[in-house]
Amino acid sequence: MTENGHDRVQAPGTRVVHGGLPAPADGEPILPGPVFGSLFHLAGDIDATNASSSYHRLGNPTWTRYEEALAELEGGDVVLFSSGMAAVTAVLTTFLKTGDVLVAPADGYHGLRGLAGGLLARMGIEVRLVPSTDADVLAAVSGAALVWIETPTNPGLGQLDVARIAEAAHAAGALLAVDSTLATPLRLRPLEHGADLVVVSASKHLTGHSDLVLGYVAAPAAAGGAEGAAGRAAELVTTRLLGGAIAGPMEAWLAHRSLPTLEVRLERQEATAATLVAALRERDDVSDVRYPGFGSVLVFTLADAAAARGFLARCRLVAEATSFGGVHSTAERRGRWPADAVAPGFVRFSVGIEATEDVVLDVLAALDAA
Ligand SMILES: *Cc1c(COP(=O)(O)O)cnc(C)c1O
């Protein structure tokens, strides 16, 4: 830090506001609008400097600004994709080959398990599904090419020790990928704990307004990195270029537009979640209340499916909807989806940014009436 403090590293709550913005220039907006264009003017021969601004699938300045903002938050290079699952698929298809072993969560986001039986089976990849505990994952890493963990897990909210698993994965010659969607880079930066790849669905907290679908992968920064690490983001850029899972400029711009409020949204969501968790733990009709201590998602279990349906039907403010991380409080009976093995009365609750007392009162009134 210098005397006047101006050179200190800015706090994440400041970086979300300023990340990826161009240098101030008179007459220019603070965040330039989305650049729409499938093609761009390009004269003469192709070289490294002009190729990425020739055709949208190779690059778009609106993505680049958002990627730069995310890169600052994650502490690595970031490659933006059209959805979280596009980011997941890019990692799997770029870093696994026939005969490899993938260790993956048995109790995490269902999309990855869906790929295990389909795409990955056809690629000839052996998938070891393991429960999300440190002991189970550590016991499974031997012989793996890629260890995939999710922390906290969706929907069970289990938490794993990224540093310990990274060390074990590396000792076994495997890469570690962490799905960090629930935490966001404001609450967990897996690259700092030794992860090789970080996958985030930006459709959730990152964008936070339930109006778009995006995802990204972060990898250790290329500059001066170890040989293996240097190429990882670049390999993902090639996968995106040829696989075609690119973000639209409008989505990327909306995402960047939503980023500055990430910390204030999270702080409100976390304050309300803490109050709600305390109120739910007081009740006899609610069991197994779980909350990681950060983020917007908490889960609890009601007596049975009918009790959960009755609760959701009686909420007036809280909308019955899937997904999480948005400004509006939502909840669902997770067991209505066949892919998650949860109790019939298991409710996944996503706390919005409404006034705390209104959310808590709506939940308690709906429980009383149910
Ligand atoms: C939603 C989600 C995904 C998939 O992201 P999409 O943007 O819906 O494709 C992946 N992992 C986790 C943990 C998620 O919650």
Side-chain angles (χ1 to χ4, degrees), residues 20 56-60 62-96 102 104-105 108-116 118-120 123 125 127 146-154 162 175-185 188-191 195-208 212-222 229 231-249 251-252 254-256 258-259 262 323-325:
H56 184 111
R57 193 152 38 73
L58 285 96
N60 173 293
T62 309
W63 301 345
T64 306
R65 276 191 283 271
Y66 183 48
E67 286 175 335
E68 282 169 7
L70 296 173
E72 265 191 53
L73 296 176
E74 293 286 2
D77 289 337
V78 163
V79 185
L80 186 65
F81 288 91
S82 53
S83 69
M85 283 310 296
V88 170
T89 306
V91 167
L92 298 174
T93 55
T94 305
F95 300 109
L96 287 172
L102 167 70
Y109 185 69
H110 61 88
L112 179 56
R113 289 196 302 282
L115 289 175
L119 175 79
L120 294 176
M123 282 173 70
I125 287 154
V127 183
L146 179 63
V147 175
W148 187 290
I149 60 170
E150 198 174 293
T151 185
T153 55
N154 173 15
V162 177
L175 294 176
L176 175 65
V178 179
D179 184 332
S180 189
T181 298
L182 269 90
T184 84
L188 178 69
R189 279 178 292 281
L191 296 179
D196 302 289
L197 296 153
V198 180
V199 178
V200 171
S201 165
S203 322
K204 318 289 169 60
H205 299 93
L206 250 289
T207 54
L212 61 88
V213 171
L214 279 178
Y216 68 85
V217 184
R232 233 161 263 143
E235 283 183 71
L236 288 162
V237 167
T238 302
T239 299
R240 177 177 65 182
L241 165 66
L242 300 175
I246 56 166
E251 281 75 10
L254 278 170
H256 201 170
S258 302
L259 188 60
L262 178 59
S323 197
F324 57 87

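Here the structure is a predicted model, which is why all the values come from computation and not from measurement. FYI, side chains are in, hydrogens and waters are out, and symmetry mates aren't considered; it's all heavy atoms of this structure. Along the sequence shown, residues are numbered consecutively beginning with 1.
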Heavy-atom check, side chain of Thr238 versus side chain of Leu236, under 4.5 Å: no
Pair Thr239-Thr94, side-chain donor/acceptor within less than 3.5 Å: yes
Rounded distance (nearest 0.5 Å) linking atom CD1 of Ile125 with atom CG of Leu96: 4.5 Å
Euclidean distance, Leu73 CG relative to Leu206 CG, rounded to 0.5 Å: 8.0 Å
Nearest-0.5 Å distance, OG1 of residue Thr93 to CG of residue Leu119: 7.0 Å
For Arg189, all residues meeting salt bridge (Lys or Arg N to Asp or Glu O under 4.0 Å), sequence neighbours excluded: Glu192
For Leu80 against Ala252, the heavy-atom pair lying closest together: CD2-CB, 4.0 Å
Heavy-atom closest pair, residues Pro249 and Thr62: O-CG2, 3.6 Å
Test item: Leu120 and Leu102 side chains (from C-beta on) under 4.5 Å apart, heavy atoms: yes
Validation row, ring centre His56 to ring centre Trp63 under 6.0 Å: yes
Side-chain donor/acceptor of Glu150 to backbone N/O of Pro105, under 3.5 Å: no
Audit row: Leu188, Thr151, side-chain contact (heavy atoms from CB on, under 4.5 Å) steps and yes/no: CA-CA 9 Å; Leu188 178 69; Thr151 185; 3.8 Å; yes
Sequence-distant partners of Glu72, salt bridge (Lys or Arg N to Asp or Glu O under 4.0 Å), two or more places apart: none
By ring pair (Phe, Tyr, Trp, His ring centres under 6.0 Å) - contacts of Trp148 (at least two apart): none
Side chains of Ser180 and Val199 in contact at under 4.5 Å (non-hydrogen atoms): no
Value rounded to 0.5 Å, distance of CD in Glu68 from CG in Asp77: 10.5 Å
Donor-acceptor contacts under 3.5 Å from residues 81-92 side chains, at least two apart:
unit_1	atom_1	unit_2	atom_2	d
Ser83	OG	Met85	N	3.4
Ser83	OG	Ala86	N	3.0
Thr89	OG1	Met85	O	2.8

Heavy-atom pair with the smallest gap, counting every atom of Ala255 and Thr207: CB-CG2, 3.5 Å
Point-to-point distance, once rounded to the nearest 0.5 Å, from OG1 of Thr181 to CG of Asn154: 8.0 Å
Can you give the donor-acceptor pairs under 3.5 Å from side chains of residues 212-220 to other protein atoms, not counting sequence neighbours?
unit_1	atom_1	unit_2	atom_2	d
Tyr216	OH	Glu74	OE2	2.5

For the student: nearest non-hydrogen atoms of Val162 and Ile149, plus distance: CG2-CD1, 4.3 Å
Considering all heavy atoms, the nearest Gly76-Ala71 contact: O-CB, 3.1 Å
Nearest-0.5 Å distance that lies between atom NE2 in His256 and atom CD in Glu67: 11.0 Å
Side chain to side chain contact (heavy atoms under 4.5 Å, CB included) partners for Leu58, two or more places apart: Ala51, Ser54, Tyr55, Leu241
Minimum heavy-atom distance Arg240-Ile246, with the two atoms named: CG-CG2, 3.7 Å
